[in-house]
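Start at 1 and go down the list; that is how both ligands and their atoms are numbered. Every heavy atom of this structure was used, including side-chain atoms; hydrogens, water molecules and symmetry mates were not.
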Amino acid sequence: MDNSESKNDKTIPRVKEIVEDMVDAISGVFDKHNVTFDEYRAGFFHVIKTGQANELGLLMDMLLCQRVCDIEMKGRKGTRSNVEGPYFFPDAPLVTDAAKVRGDVEPLQIQATVKDLDGNPIPDVDVDLWWADPEGKYSGYSDDFPLEYFRCKVKTDKNGQYSILGSMPVEYPITTARHGPTGALVDMLGRQGMRTENMHQKYNKEGYLPLTTQAYFRGAKFIDEDPVTAVFEDLIYDLKEEDGIPVLDINIVLDHD
Ligand SMILES: [Fe+2]
């Protein structure tokens, strides 16, 4: 019986090409470091433990996600694409002037101007914003911290701008399970496990490439030692101040679809 036809039907050339290259690349690392059986087993048991702890997404985001963002930027112009992270929810409430916050927050005016590559403002852009609360946590992960807090949707006005009152995000550990497998790997790599303060954003408008990015704060703690390696100078902002309130004034440029 000739199985070659049905076998070939299931081949996905892109998957074959990438997986075979990944195996080659990893094999090269094994050769370079003369990896032993003990090390080989310790490595894959750590991956199994990471899966059992439901931290595989976290591990992949920590080690590799920004590289995919960087690749995306090879084929587009405008504001840099940056790690989405695990805390985005699509159903945040639409607001016009203020997001819902709670606790001992420091107010932050979050504003932006969204332009095209020629510098023309883009109205009616759908924007998602989400950030950490004063304890470094993101909403939506428990009934007592519903997702209408510390996240919102806004729309740009006719000048391509939005401005809402929110709160200063704070730094947070990339894994709350500090003794989990991802935290253990961070320790073994000699890295620190705190993400610097960040403001997550998504921009969507028909005719333009969707953009997921972040804004960072100059001088913030851990900004020079990001465990996710996603902090770039062009995404770091100096805070302004208006009427005694710090203002994050973001510049966004969207590329055409
Ligand atoms: Fe974040």
Side-chain angles (χ1 to χ4, degrees), residues 54-70 72 79-93 99-112 127-142 145-154 164 166-178 180 182-183 185-186 191-204 210-237 239 246 248-250 252:
N54 202 20
E55 290 188 2
L56 265 180
L58 175 68
L59 182 75
M60 295 292 286
D61 271 5
M62 178 181 89
L63 295 178
L64 293 167
C65 185
Q66 184 56 42
R67 303 294 77 76
V68 183
C69 296
D70 297 343
E72 188 178 60
T79 300
R80 179 189 294 277
S81 169
N82 205 239
V83 172
E84 176 174 308
Y87 301 121
F88 172 69
F89 284 108
D91 300 322
K100 229 170 157 180
V101 295
R102 66 183 195 183
D104 191 15
V105 297
E106 184 186 342
L108 176 69
Q109 194 70 29
I110 307 157
Q111 61 188 47
V127 184
D128 277 277
L129 300 168
W130 69 105
W131 65 96
D133 82 344
E135 293 179 4
K137 293 184 174 143
Y138 283 82
S139 66
Y141 286 86
S142 64
F145 195 8
L147 59 72
E148 66 256 36
Y149 290 94
F150 299 95
R151 62 178 76 234
C152 62
K153 290 179 183 295
V154 289
I164 62 124
S167 63
M168 270 302 291
V170 303
E171 64 275 11
Y172 56 89
I174 56 168
T175 166
T176 48
R178 198 64 191 90
T182 309
L185 185 65
V186 168
R191 297 184 187 176
Q192 66 82 31
M194 296 292 285
R195 279 229 82 208
T196 187
E197 302 159 9
N198 55 79
M199 179 62 61
H200 295 271
Q201 311 137 64
K202 263 183 190 288
Y203 296 87
N204 282 287
L211 173 69
T212 300
T213 190
Q214 298 188 44
Y216 300 98
F217 299 80
R218 191 173 310 284
K221 236 173 149 182
F222 306 113
I223 196 160
D224 295 325
E225 42 183 350
D226 181 24
V228 182
T229 61
V231 175
F232 295 85
E233 177 60 30
D234 50 333
L235 299 179
I236 300 175
Y237 287 86
L239 286 178
L248 171 64
D249 191 6
I250 305 168
I252 295 293

Without hydrogens or angle criteria, can the side chains of [X] and [Y] be said to hold a donor-acceptor pair below 3.5 Å?
| X | Y | value |
| --- | --- | --- |
| Gln201 | Asp128 | no |
| Tyr172 | Asp133 | no |
| Thr196 | Glu171 | no |

Test Tyr87 against every option in Trp131, Tyr141, Trp130 by the ring pair (Phe, Tyr, Trp, His ring centres under 6.0 Å) rule and name the one that passes.
Tyr141
Are the side chains of Met62 and Leu185 in touch, meaning some heavy atoms are under 4.5 Å apart?
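Yes; the side chains approach each other to less than 4.5 Å.
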If you leave out waters, which protein N, O or S atoms are less than 2.8 Å from the Fe ion (ligand 1)?
Tyr138 OH, Tyr172 OH, Asn198 OD1, His200 NE2
Is the shortest side-chain N to carboxylate O distance from Arg102 to Glu148 below 4.0 Å?
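Result for this pair is no, no salt bridge flagged.
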